[in-house]
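Worksheet: the structure to be examined is printed underneath.
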Amino acid sequence: MSKHYWLMKTEPSVFSIDDLQKQQKAWWDSIRNYQARNFMMKDMQVGDEILIYHSSAEPPGVAGLAKVSQLAKPDPVQFDKTSDYFDPKASKEKPIWFCVQIEYVSKLKNFVPIEQLRAEPKLKDLLALKRGQRLSIQPVSEKDFNFIKKLGG
DNA sequence: GCCAACGTTGGC
DNA sequence: GCCAACGTTGGC
């Protein structure tokens with residue numbers, strides 16, 4: 001199967017590209033949206049490339065690159081009663097939420113703010129720029145991925 | 001802090 | 001299965 005490309009949002013005050021660089025690998029847990037879960041469960045393959053997007057940041061934008069390093073497994077946080085992301089409906093036998101592991105690739109030399117993305121006619125189809133688009137994991141076309149990578153230096 | 005847009009929940 | 005109410009996201 002061919003490689004897929006993704007954009008994954010994270011709030012840098014919670015988990016930033018620098019955090020990922022420090023720990024190199026991270027399970028992308030606590031995702032509680034079915035569409036985002038389905039992308040991780042059904043579509044992500046080891047080696048898929050990822051744009052790490054800083055949301056609710058000043059400014060928001062694409063901060064770095066990562067790749068999928070492990071296929072989806074049940075998200076352990078759904079079983080953790082002390083977590084905000086605990087899900088009482090989930091059980092070990094019937095987990096509801098899944099997460100993939102991602103691996104740090106690089107920090108963009110030049111952070112690409114959303115303003116710059118919006119200014120590029122070539123990126124008119126980028127989902128992240130559509131109004132009301134809140135999905136925290138989004139597919140990106142190979143063209144757009146490479147173009148944004150180039151913008152980042 | 002505002003608020004539009006969207007996803008989810010729950011009563012019926 | 002509809003849909004109003006509610007909660008959340010995330011740019012501004």
Side-chain angles (χ1 to χ4, degrees), chain A residues 4-23 26-44 48-68 72-102 104-141 143-153:
Chain A
H4 293 123
Y5 298 85
W6 307 96
L7 178 148
M8 291 167 99
K9 297 181 189 172
T10 180
E11 294 189 23
S13 59
V14 178
F15 190 84
S16 70
I17 188 72
D18 294 310
D19 295 321
L20 182 62
Q21 182 176 21
K22 262 176 241 152
Q23 66 186 68
W27 286 98
W28 211 251
D29 58 24
S30 307
I31 299 296
R32 295 294 178 266
N33 169 283
Y34 286 103
Q35 248 184 298
R37 178 203 70 172
N38 290 345
F39 283 139
M40 289 197 284
M41 260 177 92
K42 299 180 176 165
D43 299 318
M44 282 195 188
D48 279 5
E49 299 194 54
I50 303 162
L51 300 169
I52 298 294
Y53 180 90
H54 282 176
S55 63
S56 296
E58 192 44 58
V62 178
L65 306 177
K67 64 183 180 187
V68 175
K73 68 161 190 183
D75 177 351
V77 175
Q78 69 194 307
F79 308 123
D80 178 0
K81 284 187 183 157
T82 67
S83 168
D84 284 347
Y85 297 97
F86 172 69
D87 189 335
K89 294 205 271 308
S91 66
K92 297 265 160 100
E93 296 72 34
K94 279 196 170 178
I96 298 173
W97 305 109
F98 286 73
C99 54
V100 295
Q101 188 194 61
I102 71 167
Y104 175 81
V105 171
S106 64
K107 237 173 116 164
L108 294 184
K109 191 138 51 86
N110 309 305
F111 179 88
V112 183
I114 190 170
E115 191 187 7
Q116 190 183 354
L117 297 174
R118 282 196 200 286
E120 291 290 347
K122 278 190 182 172
L123 296 176
K124 64 175 172 30
D125 293 325
L126 188 71
L127 283 179
L129 300 181
K130 308 254 161 165
R131 66 196 309 245
Q133 182 51 265
R134 310 184 316 179
L135 199 54
S136 66
I137 298 177
Q138 307 175 0
V140 177
S141 71
K143 255 190 202 144
D144 287 355
F145 184 94
N146 287 321
F147 184 67
I148 293 168
K149 193 167 148 182
K150 212 186 304 169
L151 290 180

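We name chains A, B, ... by the order of the sequence lines, and we start the count at 1 in each one. Computed from a prediction, not measured in an experiment: that's the story for all the values here.
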**OP:** For A/Tyr34, enumerate each residue passing the ring pair (Phe, Tyr, Trp, His ring centres under 6.0 Å) test, keeping only those at least two apart in sequence or located in another chain.
**Re:** A/Trp97
**OP:** Could you tell me which non-hydrogen atom of A/Val100 sits nearest to which non-hydrogen atom of A/Met8, and how far apart they are?
**Re:** CG2-CE, 4.5 Å
**OP:** Please check if atom CZ in A/Phe86 has more than 12 non-hydrogen atoms from other residues, nucleotides or ligands closer than 6.0 Å.
**Re:** yes
**OP:** Starting at CH2 of A/Trp27, measure out to CE of A/Met40 and round the result to the nearest 0.5 Å.
**Re:** 10.5 Å
Original post:
Between which nucleotides of DNA chain C, 5' to 3', does chain A make heavy-atom contacts below 4.0 Å?
Top reply: C/dG7 to C/dC12
Original post:
Going by the angle between their ring planes, with limits at 30° and 60°, are A/Phe145 and A/Tyr5 parallel, tilted or perpendicular?
Top reply: tilted
Original post:
NA contact type, A/Arg32, heavy-atom cut-off 4.0 Å: base, sugar-phosphate, or nothing?
Top reply: nothing
